[in-house]
Amino acid sequence: MPSNAEISRALETVVTLMEIRGDEHYRVLAYQRAAESVAAAGSPVSDLDDPKELPHVGETTAEVIRDLVADETPDILDELMAEIPRGLVEVTRLPGVGPRTAGRLWKELDATSVEEVAALDASDISSLKGFGKKSAEKIVASAEKYNSEERRLLIHTATALGGKLLDFVRNHPATEKAGLAGSLRRGKETIGDLDIVAASGDAKSLADDFAEAEFVTDVVAHGETKVSIVVDGPDGDVDVDLRIVAPEAYGSLLHHFTGSQAHNIVLRERAVKMDTNISEYGLAKAGEDEREYIPAETEAEIYEKLGLAYIPPELREDAGELEAAEEGELPRLVEVGDVRGDLHVHTNYSDGKGTIESMAEAAIELGYEYLVFCDHSQSLRVANGLSPERLSEKMVEVRKVDEKYGEIHLLCGSEVDILKDGSLDYEDSLLEELDFVVASIHTSFQIGEEAMTDRILRAMNNEHVRTIAHPTGRVLNRREPYEVNVSRLIKEAAATNTALELNSYPDRLDLSAPYVREAIKAGVHITIDTDAHDESALSFMKYGVTQARRAWAGKGNVVNCLPWGEFEEFLKSGK
DNA sequence: GCCGTTTTCGGCCCGACTGTTTTCAGTCG
C-alpha cells in the first residue's frame, strides 16, 4: 500500500508535467493543493472512505488518488507521460530552471534530461528568444554539477548552522531583531534550506554585508530587502535566504517566512473574505489600488485580527489548524519542560559510552525525576547485547546506584530485540523482573509488510512490553523504513495498551509526526525517548518534543511527562 | 480543478529578484 508521501510525490509529478505542458494555471494549482493535502493528512489516505474528505480534493483528484492507492497509474499520469519525457521533471529542479524553461529546452533544443542539458552548448541556449549569455551559462553550469541525491539537513545540523548565521545577522549594527524562520522554525524533521528574517532601519547595509560575509560561497540574488546565498554545509551546498523589513513589520515578516506556504495561502484566503489582504508588510484593506499595510509587530496580532487563536509554528501545515483555532480547540502542546524522565537510554553495559552514574548525573542536571536504562538484549552481538547473566548483574548495580541518588529514581529496563518470528530475546521470567521493557527491531528488515506487521503485533501482545521503540526503523538520509503497516500497529497498540516511541535521535525521529498524530487520535500513549548512547545525547529530547508538537500532542499524551508518583502507578498497574 | 458568511459560476495569496527587457515573464518562497 503506497504511503501518503508516495501518493503525494506522484501528484507532484503530475503537477510538474502539467506545468511543462502548459496546462491552465489554476488546474495545475488544484493538483498541487491536492498533493499538499495528502502529505499533511493525519492518517493514511488508503484508510479513508473517500479521498474527497481531504480539503482541496474534489471528484477529479479523488479519482486520481484512488488509482494511486490501488497501485494503478492514473489516466492523467499515463497521458502526461506519453506526451512529455519524464526526465524533464528533474530538469525543473535545476536552480533557476522552471517548467517553462524546461519545456523550451525540450521543444527547441531536444534536451529531455539533466544530462542532455549539461551537454548543450551555452550558445545554443542563448540563441533562443529571451535567453541571454548569462542565463544560458548558468543553466549549463547547474546541470553539470547537478547531484540527483537530494540530501536534506537533519534538524540538529540545521539548528547549528542556522544558529551560526543568525549570530552574524544579530551582531550586525543595523539589526534590531532577527530570527530563524521556514521549516526549521516549524520543526520539520529535515530542512531543505535556511530562512532568516531580520528587522532593521537600514536594510541595505545589512543586506550588503550579509552578501559579502566570509561564509558565503555564492550569491544567488542580492536586492535591497532580500539576499539569497549559498554556504558550505556538512553534506555540500546549503541555500540560505535573508529577508529584511522595518522593525514595526517584524511579526508580519516572521509569519510570512515561517510558512508553510499552504498555511499562508489558506490564511490569506480567509483574510480576503474578511476584506483584508495579508503580506509580509502587514494587513491592508482589500481592494485598494495602492495597498496601505498596517504592519504587525508580532505574529499574535495577525491571528487576533482574523479572529483566530495563536497557532504555534509546528502546527502551520494547513492540516486543520485554522478550523481548530477558530473553534478554540487547539491543543496545549507539550513542552520540553513537561518531560519528567527518559525511558530509553544506553550505558557501557552494551554499546553506550556512559556509565550508570554518569548518565544518572546528566539526567539530574536536566531535572528529571526518573531514568530507565535500556541496554540491548543478548542476540544483538554487534551492540554488545547483554546475556541474561549480565542483565541480572546490571539490575543489581542499578538498584545499588539508585540508593546513592536521592534526586532521581533509576530503573532497570531493556531494549529487547523482537526476533524474526515476533518472539522476544529474553524469557518472560526475566522480563518480569525488569522495571520497564522497550521492544524493537534491529535485524531481518526485509521480510515484507505482512510478516513485519505480524511480528511487531506479536511483541505488543507480550504483557511485559510497554513500548515499541523506533517503530518503523527509518534512518533519515540513510535508510528507508522497513515495510510495515503502521495503522495496524496503532490499532493493536490501543487494544493492548502498549505505548509507541517517538525516538528523539535526529536521524530517526521515529515514529514520524503524522503517525504520532494518528496514534494520539486512537488514544495510544507516546513515549518520547532519546535512545541516548552518551550523556550529551540526553539533550536530543527537544527534537522529539518538537515532533510531538507537530503531531498536536499535549503532555497528557506522553507517558514520560507523568510525575514520578503517577509514573510509578503506571508501571505497577501493568497493561 | 476546487469551492461557497454576497457566489453552483467566477473567482482563485502575495511579493522580491533576475535577466532581458522598454514593461515583463519566469522563478522562487
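Because only heavy atoms are used, hydrogens play no part in the values below, and waters and symmetry mates are left out as well, while side chains stay in. We name chains A, B, ... by the order of the sequence lines, and we start the count at 1 in each one.
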Step by step, work out the salt bridge (Lys or Arg N to Asp or Glu O under 4.0 Å) result for A/Arg316 and A/Glu299.
-> CA-CA 13 Å; A/Arg316 299 181 195 166; A/Glu299 292 183 315; 2.9 Å; yes

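Remark: C1' of B/dC17 and CD of A/Glu224 are 11 Å apart, rounded to the nearest angstrom. Residue A/His222 contributes atom NE2, which lies 8 Å from atom P of B/dT18 at whole-angstrom precision. Distance A/Arg33 CZ to B/dC2 P: 12 Å, rounded to the nearest Å. One atom, CG of A/Asp75, and another, P of B/dG1, lie 13 Å apart when rounded to the nearest Å. In this structure, A/His25 atom NE2 and B/dT27 atom C1' are separated by 13 Å, rounded to whole Å. Distance A/His256 NE2 to B/dC13 P: 14 Å, rounded to the nearest Å. Rounded to whole angstrom, the span from the NE2 atom of A/His56 across to the C1' atom of B/dC2 amounts to 9 Å. Note: CG (A/Leu306) to P (B/dT5) measures 15 Å, nearest angstrom.
Rounded to the nearest Å, the gap between the P atom of B/dT22 and that of B/dA16 is 23 Å. The separation of B/dG15 from B/dC9, taken at their P atoms, amounts to 31 Å, rounded to a whole angstrom. B/dG1 and B/dT5 are spaced 23 Å apart, taking the C1' atom of each and rounding to whole Å. Spacing of C1' atoms, B/dC2 relative to B/dC13, comes out at 16 Å, to the nearest Å. Separating the C1' atom of B/dC12 from that of B/dT7 is a span of 13 Å, rounded to the nearest Å. Atom C1' of B/dT23 sits at a distance of 16 Å from the matching atom of B/dC17, rounded to the whole Å. With C1' as the reference atom, B/dT20 and B/dT27 are 14 Å apart, rounded to whole Å.
An OP1 or OP2 oxygen of B/dC2 is reached within less than 4.0 angstrom by no side-chain nitrogen or oxygen of A/Tyr31. Close to B/dG19, at under 4.0 Å from its OP1 or OP2, lies a side-chain N or O of A/Lys134. Not one side-chain nitrogen or oxygen of A/Ser228 sits closer than 4.0 Å to the OP1 or OP2 atom of B/dC17. Between A/Tyr281 and B/dC13 there is no side-chain polar atom (N or O) within less than 4.0 angstrom of OP1 or OP2. A/Thr61 has a side-chain polar atom (N or O) that falls below the 4.0 Å cut-off from OP1 or OP2 of B/dC2. Checking the phosphate oxygens (OP1, OP2) of B/dC13, no side-chain nitrogen or oxygen of A/Arg270 falls inside 4.0 Å. Contact between the side-chain N/O atoms of A/Thr60 and the OP1/OP2 oxygens of B/dC2 is found at a separation under 4.0 Å. The side chain of A/Arg268 places no N or O atom within less than 4.0 Å of a non-bridging phosphate oxygen (OP1 or OP2) of B/dC13. One finds a side-chain N or O of A/Thr225 lying less than 4.0 angstrom from the OP1 or OP2 phosphate oxygen of B/dC17. The phosphate of B/dC13 (OP1 or OP2) has no side-chain N or O of A/Ser279 nearer than 4.0 angstrom.
With distances taken from any side-chain atom of A/Glu269 to the nucleotides B/dG15, B/dC12, B/dG29, the minimum falls on B/dC12. In this structure, of B/dT20, B/dC2, B/dA16, it is B/dA16 that holds the atom nearest to the side chain of A/Arg243. Checked against B/dG26, B/dC17, B/dC13, the side chain of A/Ala221 finds its nearest nucleotide in B/dC17. For A/Ala30, taking side-chain heavy atoms from C-beta onward, the closest of the listed nucleotides B/dT27, B/dC17, B/dG1 is B/dG1. For A/Thr101, counting side-chain heavy atoms from C-beta on, the closest listed nucleotide (B/dG26, B/dG29, B/dG15) is B/dG26.
In this structure, A/Glu480 places its CD atom where only 12 or fewer heavy-atom neighbours from other residues, nucleotides or ligands lie under 6.0 Å away. Around NZ of A/Lys134, the count of heavy atoms belonging to other residues, nucleotides or ligands within 6.0 Å does not exceed 12. More than 12 heavy atoms of other residues, nucleotides or ligands sit less than 6.0 Å from atom CG of A/Leu48.
The closest side-chain donor-acceptor pair between A/His263 and A/Glu321 falls under 3.5 angstrom.
Stacking here means ring centres nearer than 5.5 Å and ring planes tilted less than 30 degrees, and by that measure A/Phe131 does not stack onto B/dT20.
Within 4.0 Å (heavy atoms only), A/Val272 reaches sugar-phosphate atoms of the nucleic acid but no base atom. Residue contacts shown for A/Gln261 include a base, since a base heavy atom lies under 4.0 Å away. Residue-level contact check: A/Leu94 touches the backbone only, with heavy atoms under 4.0 Å from sugar-phosphate atoms and none from bases. Heavy atoms of A/Leu267 sit nowhere under 4.0 angstrom from any nucleic acid atom. Within 4.0 Å of A/Lys133, counting heavy atoms only, lie sugar-phosphate atoms of the nucleic acid but no base atom.
Base pairing annotation: B/dC12 forms a Watson-Crick or G-U wobble pair with B/dG1, both donor-acceptor distances under 3.5 Å.
Two residues, A/Gly130 and A/Val28, neighbour DNA chain B, and the one matched to the more 5' nucleotide by heavy-atom proximity is A/Val28. Remark on DNA chain B: of its neighbouring residues A/Thr276 and A/Gly223, the 5'-side contact belongs to A/Thr276, judged by nearest-heavy-atom nucleotide.
Taking the six-membered ring for Trp and thresholds of 30 and 60 degrees, A/Tyr293 and A/Tyr281 have ring planes inclined between 30 and 60 degrees apart.
Taking the six-membered ring for Trp, A/His172 and A/Phe210 have ring centres at least 6.0 Å apart.
The CG atom of A/Leu105 sits 8.5 Å away from atom CG of A/Leu88, with the distance rounded to the nearest 0.5 Å.
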